[in-house]
Every structure is written in C-alpha cells, then in structure tokens.
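Have a look at the structure below, then the notes.
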2 protein chains.
Amino acid sequence: MESQDLRKAGLKVTHPRMRILEILEASQSRHMTAEDIYKQLLSHEEDIGLATVYRVLTQFETAGLVTKHNFEGGQAVFELDRGKHHDHMIDIESGRVIEFVNEEIERLQREIADKHGYVLEEHSLVLYVRPKKKTGK
Amino acid sequence: MESQDLRKAGLKVTHPRMRILEILEASQSRHMTAEDIYKQLLSHEEDIGLATVYRVLTQFETAGLVTKHNFEGGQAVFELDRGKHHDHMIDIESGRVIEFVNEEIERLQREIADKHGYVLEEHSLVLYVRPKKKTGK
DNA sequence: CTCAATGCAAATTATTTGCAATCTT
DNA sequence: AAGATTGCAAATAATTTGCATTGAG
C-alpha cells in the first residue's frame, strides 16, 4: 500500500524507504528523531544505516510526506504528514507532545503578515506547558 | 552602566562579559549568533575565545538577560531581553527578522493550554513570510 | 589570597558526504 | 545493464568541556 505513496512521491520503492515509512505509521508518539527510527530498525534486525535514515527522512520531507520540527535544541523530530495542519504543545515535565488546531490563531497569523506587507508561507508555533496543579477537590 | 546589569544578575563583572553585553546592545540586527558576536570581538581586537562567547551567552540566558532562539536549523541566535515580549517573523527572501506583538494570539495560547489541562510556561512562534508581490500600480 | 572565569585545544552531538558495493526498474 | 540507492567510515558544523592560567573582589 505505502509503496504507492513512495511512487507517487517520485521515489523508488526500496527496502529502507518502506521500512522507515512503516515505522513512522506505526509509531505511537507520532514524533520521532532519526535516532529513534534507527533504533526501531535495529530492534527489528534491519540492517539499515543511520545515514540512510537521515537521507530518507530528508527525501520524505522534500516530497511532503513528512514534516521536520526543530523543537528545543537537540535532535530534530519527524512526523508523518497526515494532511491536516496542526501546531504543538509540549509538556515540559513529561516531554509529551500534544497536537492542536486553532483556526483563529491561523487567521491572525495571516493577518499579521499581511499588515507588514508579507504573505505567510510557513509558521512554527510551539507551546511549552506544565500540568495544572490539581486543586484539592 | 551595564556593569550594574551584570551585578544584578549575580555575575562577576569581567571584561568578556562587558564586551559581549555592549555588542548585543549596539547590534543593529538585534539577533546575533555566537559566531557573529565572536567576529565583532575579533574586529575590535578583543582577545576573547569563541568558547567564552558561548559560555557567557548561556549564563546571560540563565540570568534572563538574553533570549535564545532556534530558528530554522543552523546556529542559534541570541537577543538582548528588553522587557517586552514579542514574537518573530522571518522574511525568507532576505533573512531579515521582524518582531511583532499580538495580544490576541497570546491570549488564545493561554486559553488552549488551559483547555488541555495545562498552564502555558513558554512559547515560540515564528512566521516565515515572503514579500507581497507589488501589484502593477 | 581564593575561587570564579577564561583561553585553547580536544571532545561531543547531530547531521552530512564520499565512494565502492548493491539494489530497482 | 544503467543509474539510483545504500552502508560505512570519515568529514562537518555547532556547541561543550577539561584543565592550566589569569583575573575579580
């Protein structure tokens, strides 16, 4: 099935590319570093190099299959592009990534760019949050 | 004058720290990489190592004197904290960084975090924009 | 004088690249 | 078979760290 996604993206259907796509689709967290993916491959006895993981992810990004995020310093994380745009919220205590969509914010962003004489091409919005203290209920 | 800023931040007043503060204050662009600052120092015949620049910037960040941004991959940029919070817009054609403030977006962000059971601690919003095509006026 | 701060070189971390061997079509 | 793709090792880029020396209070 996903071999079609690759062909559609103009990429040859190779074993490494298929494996990496599958891992991204199966991933619970939805946001993985190249290293995460590489370790998954290793644990599945796959013989794919880390350099290939990086190369494939870059190709996927160019092809629009994947989005790359540079959250707080360290490694970049990659996320399979499932069509619907969204922004991210990161729980700084657990590291968990939560997705959200807010049309109002999207609209305001376009408006701001416009007011300054620009057209909005891309944006990156990340909220760093902390769980609310439970009130003694 | 700025020696007070350093003392207030609990940092010893040393030559490298003063120089770096001054460069940040004098900088036209307001957003400099460690390398940028290092080169400025070199051109002023200062004998300060790049490692020190990084160390000092990190201390400044911890002390709240400076904010560090990880815009699109590559080097981090540092900006002197002049009190008023703002977000950034980057002209992808010229690389220019434009600052803006929008209370409505700030409010929506707090609201979104709240709705998910979190408190907003920090956020990062960057708009990547392109100049509007001039209409043939 | 005492300990924090610095310079320099070496170490790390994340990612990229060269190239010969290996697949896809 | 022809050219794209991969693995591995070596190369980069950005930032950090160890340690002997210097400097601030």
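Owing to the predicted nature of the structure, the values given are computational and were not obtained by experimental measurement. Reminder, nothing fancy here: chain letters follow the sequence lines and each chain counts from 1.
In this structure, A:Tyr38 places its OH atom 9 Å from P of D:dG7, rounding to the nearest Å. When the C1' atom of C:dA14 is taken as reference, atom CG of A:Asn70 falls 11 Å away, rounded to whole Å. The separation between B:Leu6 atom CG and D:dG23 atom P is 18 Å, rounded to whole Å. The distance from atom CD of B:Glu61 to atom P of D:dT15 is 12 Å, rounded to the nearest whole Å. For the pair A:Asp36 CG and C:dA14 C1', the computed distance is 13 Å after rounding to whole Å. Distance B:Ile48 CD1 to D:dG23 P: 12 Å, rounded to the nearest Å. Rounding to whole angstrom units, CE of residue B:Met18 and P of C:dT6 are separated by 13 Å. In this structure, B:Leu50 places its CG atom 19 Å from P of C:dA5, rounding to the nearest Å.
For B:Asp36 (side chain) and B:Thr33 (main-chain N/O), a donor-acceptor pair under 3.5 Å exists by modelled atom type. Under a 3.5 Å cut-off, the side chain of A:Thr58 and the backbone N or O of A:Tyr54 do form a donor-acceptor pair.
A:Tyr54 has no side-chain polar atom (N or O) that falls below the 4.0 Å cut-off from OP1 or OP2 of C:dT16. In terms of phosphate contacts, A:Thr14 brings a side-chain nitrogen or oxygen within less than 4.0 Å of OP1 or OP2 of D:dT6.
Take the nearest nucleotide of DNA chain D for B:Thr58 and for B:Val13: the residue whose nucleotide is more 5' is B:Thr58.
Checked against C:dA14, C:dA9, C:dT24, the side chain of A:Lys12 finds its nearest nucleotide in C:dT24. For B:Ala51, whose side chain is taken as the heavy atoms from C-beta onward, the closest listed nucleotide among C:dT15, C:dT6, C:dC8 is C:dC8.
Side-chain atoms of B:Arg7 stay outside donor-acceptor range of the base of D:dG25, with no qualifying N/O pair under 3.5 Å. Put simply, the side chain of B:Arg17 and the base of D:dG23 share no donor and acceptor less than 3.5 Å apart.
In this structure, the ring of B:His116 has its center no less than 6.0 angstrom from the ring center of B:Tyr118.
Ion pairing between B:Glu103 and B:Arg107 fails under the 4.0 Å rule for side-chain N and carboxylate O.
Using a 4.0 Å heavy-atom cutoff across all strands shown, B:Ala34 reaches no nucleic acid atom at all.
Residues B:Leu65 and B:Val77 fall into different hydrophobic clusters, defined by Ile, Leu, Val, Met, Phe, Trp and Tyr side chains chained together at heavy-atom separations under 4.5 Å.
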